[in-house]
Each structure stands twice: as structure tokens, then as C-alpha cells.
Amino acid sequence: MTDECVSPDLYSIRMRASHMGRHISGAEGIITEELIDGKAIDLIHRALCHSRGKPDSITVTIERVEGVEIEKIPSLPICTCGITNEEAARRAVHALLNHAGIGALAVYAALAIIEGGAGLSGAALVDAATGERLDTESPRGIRVSRFGIEDEALAGFGAVAAGLPHETRVLEAVMLASKSASGGGVAAELCISDNPDYTTGYVSSRELGYVRIPHIKKEGDTKGGRVLFIEKGADINALIRYLRHTPVMINKFGGINDSKELDGLISSDNC
Ligand code: PML
């Protein structure tokens, strides 16, 4: 949690879509007023065309971020782990999280939460050693919200992301992971997309960066979600407030590195 400033001209825009209470999609940004129309249309279109199905409810919330302190953080650097099948992906998840100091029990607990199809629409918070679930409000988890990216950082991403498939999805995921990683007490994150047609997930932490893991699940599988691994002694209520409510802007793009083999990743400090 770092430098702060006041930006009266920014708006938080958030979309969530569901069908009979089941999560379909969610997305967001912090943007200037002139971008609101276009962004709202884009978010509604996204909700209506999602591969998880047609929503019966779409909510778009737009709130002025007025007189509120906005934190500025850099984005995590991005790399892709060289993985060719699901078995190797599973080994990579365990090895990377172990490298980030996450206990084996916690990794199994996280996978069970994500793959149990509990209907997470936000992130589950689990103890990084024991795997105990720490957010107790709702099985849906805690939505990491109110984050955006400044133009210069966005241009930095755009300049190197051209060849990357699913550029927008990666950008939004790295923004979210960067906000999560900057929350006090977050040791690491594991994300598996709940889109049945998207099989790349990630493990991230301040030290590792944002490590993309292809083949993290089988094509067609609708189960997915996010788990944040929480260090012992973290103030859970303060962290939940930060993740949900503190507006955060990415002011520096951390770069995209070449694809790396797992051994290289866990023998170096980050990607
Ligand atoms: C999601 O959109 O459901 C999760 C996104 C994961 C993105 C992984 C990547 O390709 O970097």
C-alpha cells in the first residue's frame, strides 16, 4: 500500500452478471468520464455474450471516485510457464506455490475450493499454512474491486502484448492480481478461469510475478475461481476492506518476459 493522490475526475465502473443467482461474469475498471459510455456498452456486451451462458441479471455500477485517496502501484511482471499438458500444469501449480512459501495443505484446500464448483464469484481467502477458509461471509468469496490502469502503463502493456492471445483478459487478470498482491498479508494467488473455453490460469505473488500456466484445466470444464493465500497474523478485515473498496491505479507496467521452464522459474526470484 503505497503513494497516494486525489483524482476527482475518475469513476469506478463494475459489472456483474448472473443467471438464477449463478455467477456468469464480472469485470471492471477505473476510468475518466468520457470513457464511461463506451466501457458500459463493452461490459454489457461481454455479459450478454459470455460462454458461461445468458444472464438473467446484469448490474453495472458507476461511482465517482471523489476526494478519495487513490493508491498507485506497479503491475506484476508477466511470464508464461512452458507447459504442454495438464499433469505438468498441476506440478507447476504445486511447485510455484511451494516456492512462494504456501503449505501443501493450503494448496490442496485451494484446489478443492476451486474445483468443488462452490460458485465463487470473488476470491476465497485461505490460510497459507493450513488451508483454513478465512472469509466467512459467503461461499462466493471476496470481490477484488476498484482498480484501473493509467494511460502510460496501458500503452506499455499494449506495446508488448500485441502477440499475446486474449490480450484484454490477461490485462484485466494481471491488474487484479497486482492489486491482490499489494494487499497486506497476501502471500500468493491461484486463479483458474471459470470460462469453459479458457484453459490458462495463473499463480502470482510479489516475488514470483504473474506466472501464466497453460493447460491448468480441461477444455469444457466450467469450474474455476480464485484463491488468495493469507500470511499468518494478517488483519483479515482490513485486507477485505482494501480488496473491495480501496481504489488502486496501476501506474507502471511491469513487462512481459519470455516463456520460462518451471525449473528456471523456481530457481530465480521472479519472472
Ligand atoms: C478469467 O478471466 O476468468 C481468469 C483469467 C485468467 C487469465 C490467465 C491468463 O491468460 O493470463
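Order of appearance sets the numbers: ligands from 1, and atoms from 1 within every ligand. All values below come from the heavy atoms of this structure, side chains included, with hydrogens, waters and symmetry mates left out.
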Taking side-chain contact (heavy atoms from CB on, under 4.5 Å) as the test, write out the residues that go with [X], two or more places apart.
X	result
L120	I113, A124, R133
N237	D235, R241
E231	A187, R206

- Between R14 and S12: side-chain donor-acceptor atoms closer than 3.5 Å: yes
- Task: Check whether the side chains of S51 and Y198 place a donor and an acceptor atom closer than 3.5 Å, and report yes or no.
- Result: no
- Message: In the structure I gave you, are the side-chain heavy atoms of E189 and L176 within less than 4.5 Å of one another anywhere?
- Response: yes
- Query: Listing by chain and number, which residues have a heavy atom under 4.0 Å from ligand 1?
  - Reply: R169, V170, A173, C191, S193, Y198, T200, Y210, R212
